[in-house]
Amino acid sequence: MASVKLHIQSPPLNHDAVSLSRNHFPVVTFKTTFLGSSLTANGKQLSLPKTFRTQPVITASSSTHTFDVVIIGAGIIGLTIARQFLIGSDLSVAVVDKDVPCSGATGAGQGYLWMVHKEPESDTWDLAMRGHKLWLMFAEKVRAQGLDPLQELGWKQTGSLLVGRTAKEAATLKKKVKKLSEAGLRSEYLTSDALRLKEPELEVGKDGGAAFLPGDCQLDAQRAVAFIQKENRHFSSKGRYAEFFHDPVTSLLRSDSSSEVEGVRTSKNTLYSKKAVIVAAGCWSGSLVHDLFRESDILLNVPVKPRKGHLVVLENFSSLKLNHGLMEMGYVDHLHDTVDRKSSHSVKVEEGQTLSVSMTATMDTVGNLVLGSSRQFTGYSTHVDESIINHIWKRAEEFFPKLKELSLEDFTLDRKVRIGLRPYMLDGKPVIGPVPALMNVIIATGHEGGGLSMALGTAEMVADMVMGNPGIVDSAAFALQGRCC
């Protein structure tokens, strides 16, 4: 059996300590949108330098600090929520995590920001559309700073293709294109012949076709997280931002008089919160909330569970050329599969377990071919399963005949495997909203494989809740009420 190298890179961190007094938060007023179009402090314009020294924001010794907002979780959801508060208000923010940024589902993902597989009539459509628009604006803002989004974010506007291989799938894709067009997205249906002109290496048969969205993009999640973290750290010198990594939350701090949550206690620190505690810990959010409220009078179960996924990364892969991001229609079916549901692309791997494998294929900015993807429920295990890697490769061969001429074992030295645990909710919707009876504790999780694409929209929604602003996206569909016990 060929060996597998597990490699998930995290952004470089500075582990020096910084001491923050409880009242060391200067008043800084920001007149800005989410993307920071105008930053002012004491009447002077602020701008993020193109390069700057990383601020020492990791605490190393036990101490007590006070912030306006404490965020549990340093994935893409937690860090973008922090950024929203930092550039959209004068609030101070702390981010705390048991590990380091990008160490969960964010760092293991494929990095696509696609709308091609979304449904205009779904509850998540408005959030997905808002998130997509904000990412486009984000890339333009990076460019306006004189930076290259390709270098800073791994940003590529490749367009996306949702492909089908049967007449039935082709008919479904035609209807989908019509809906996407009516919803305001530039989209078109490609016949098998037209698709071959776009992607000569792809084979879908004479009855197949594809939905094509030329405006869809992809990025490198790890680069994007590093860039956002760098932006956040710009505010640490002003006393408005701090990070507490390798520092798991152990308990909540409750007020004796009102029973409101006043902050959190970690393994090393006590962090008081004036306005809100936000739980954005991905698939660990449910178990974390359960543990934190175990000894309280509040019975709370957030039914988010880990859904394991494998991706195969073939470095400097020149045997296959891709012009766009690709995904088979089966991915949409598997995305909404429940624990017990089966589909035509499911494989029984163990008693009681069903593995779903759908073809996704992207080429990143440095020429690596990224193939996916798998879905299965195996608890919190991140063990690499070689049989699943083989399933992914065999599935890709069905769409790219050239791969049949190659052996996966030949790429052992140039192959990496990404393992991620997607935060899954049975109803397919993320949880974004306050805990019932505790309005200053907000949950933001359950995005499954859409955390990256919906991150900026989620951050905007959470900040609006805390600040009492009218939201651009209606948050009612994502409320915790009625979806937990």
Side-chain angles (χ1 to χ4, degrees), residues 76 105-106 108-119 128-129 131-133 135-136 138-139 149-150 153-165 169 173 176-177 180 185-190 194-204 208-224 309-315 317 319-332 334-335 357-375 392 395-396 398-400 402-403 418 420 422 448-455:
I76 191 66
T106 299
Q110 206 156 359
Y112 49 75
L113 304 172
W114 299 347
M115 295 298 296
V116 71
H117 61 299
K118 308 292 186 182
E119 289 294 334
M129 279 287 284
H132 189 73
K133 179 178 180 179
W135 273 117
L136 294 174
F138 188 103
L150 177 66
L153 309 174
W155 181 272
K156 295 170 64 179
Q157 187 168 333
T158 59
S160 64
L161 291 163
L162 182 64
V163 302
R165 299 189 298 169
E169 288 180 333
L173 287 169
K176 185 173 189 63
V177 166
L180 292 172
L185 292 176
R186 180 187 169 196
S187 58
E188 58 180 297
Y189 175 77
L190 301 179
L195 180 57
R196 188 172 295 110
L197 295 176
K198 296 282 187 184
E199 291 289 350
E201 309 278 13
L202 178 68
E203 178 57 53
V204 297
F212 176 45
L213 266 64
D216 276 356
C217 306
Q218 67 185 58
L219 51 71
D220 184 317
Q222 300 203 21
R223 286 197 217 176
H310 287 65
L311 288 178
V312 183
V313 182
L314 301 177
E315 296 181 315
F317 194 80
S319 301
L320 188 72
K321 178 177 172 56
L322 295 182
N323 300 316
H324 308 82
L326 294 103
M327 174 187 290
E328 69 163 301
M329 278 198 67
Y331 182 96
V332 179
H334 293 154
L335 178 64
V357 175
S358 308
M359 185 280 293
T360 61
T362 56
M363 192 74 72
D364 68 16
T365 57
V366 294
N368 298 330
L369 177 65
V370 185
L371 294 175
S373 66
S374 68
R375 280 178 162 81
I392 290 174
R395 189 65 186 168
E398 297 181 30
F399 290 84
F400 302 103
K402 182 175 287 189
L403 294 183
R418 299 177 188 170
R422 308 175 183 93
E448 219 270 357
L452 185 66
S453 62
M454 289 189 275

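Residues take their numbers from the sequence shown, with the count starting at 1. Heavy-atom basis, side chains included; hydrogens, waters and symmetry copies ignored.
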What pairs with [X] under side chain to side chain contact (heavy atoms under 4.5 Å, CB included), at least two apart in sequence or on another chain?
X: Arg196; answer: Ser192, Asp193, Glu203
X: Ser187; answer: Val177, Leu180, Ser181, Leu213
X: Asn368; answer: Val313, Glu315, Asn316, Asp364, Val366
X: Pro200; answer: Asn323

Looking at side-chain heavy atoms only, is the closest gap between [X] and [Y] below 4.5 Å?
X: Leu161; Y: Leu190; result: yes
X: Phe399; Y: Leu326; result: no
X: Leu452; Y: Leu219; result: yes

_Which residues share a side-chain hydrogen bond (donor to acceptor under 3.5 Å, both in side chains) with Thr365, sequence neighbours left out_ = Arg223
*Among all residues two or more places apart in sequence or in another chain, which pass the side-chain hydrogen bond (donor to acceptor under 3.5 Å, both in side chains) test with Thr360?*
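Residues passing side-chain hydrogen bond (donor to acceptor under 3.5 Å, both in side chains) with Thr360: Gln110.
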Atom pairs and distances, donor-acceptor, side-chain atoms in residues 153-160, under 3.5 Å, two or more places apart:
unit_1	atom_1	unit_2	atom_2	d
Lys156	NZ	Met363	O	2.8
Ser160	OG	Asp216	OD2	2.5

*Where do Ala128 and Met454 come nearest, in terms of heavy atoms and distance?*
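That would be CA-CG, 4.1 Å.
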*asked:* If I compare all heavy atoms of Leu311 with all of Ala108, which pair ends up nearest, and what's the gap?
replied: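 Distance-wise, the nearest heavy atoms are CD1-O, 3.2 Å.
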*With sequence neighbours excluded, residues passing salt bridge (Lys or Arg N to Asp or Glu O under 4.0 Å) with Glu398*: Arg165, Arg395
*asked:* The criterion is salt bridge (Lys or Arg N to Asp or Glu O under 4.0 Å); which residues satisfy it with Lys402, sequence neighbours excluded?
replied: Glu201
*Does Phe317 have any ring-ring contact (aromatic ring centres under 6.0 Å, His included) partners at least two apart in sequence or in another chain, and if so, which?*
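Partners of Phe317 under the ring-ring contact (aromatic ring centres under 6.0 Å, His included) test: Phe411.
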_Please enumerate all residues that pass ring-ring contact (aromatic ring centres under 6.0 Å, His included) together with His310, with sequence neighbours excluded._
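None.
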*Under the 3.5 angstrom rule, does the side chain of Arg422 hit a backbone N or O of Ala105 as a donor-acceptor pair?*
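Looks like no, no N/O pair under 3.5 Å.
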*Check step by step if side chain to side chain contact (heavy atoms under 4.5 Å, CB included) holds for Val332 and Leu162.*
CA-CA 9 Å; Val332 179; Leu162 182 64; 4.3 Å; yes
*For the pair Tyr112 and Trp114, name the ring-plane relationship: parallel under 30°, tilted 30 to 60°, perpendicular over 60°.*
parallel
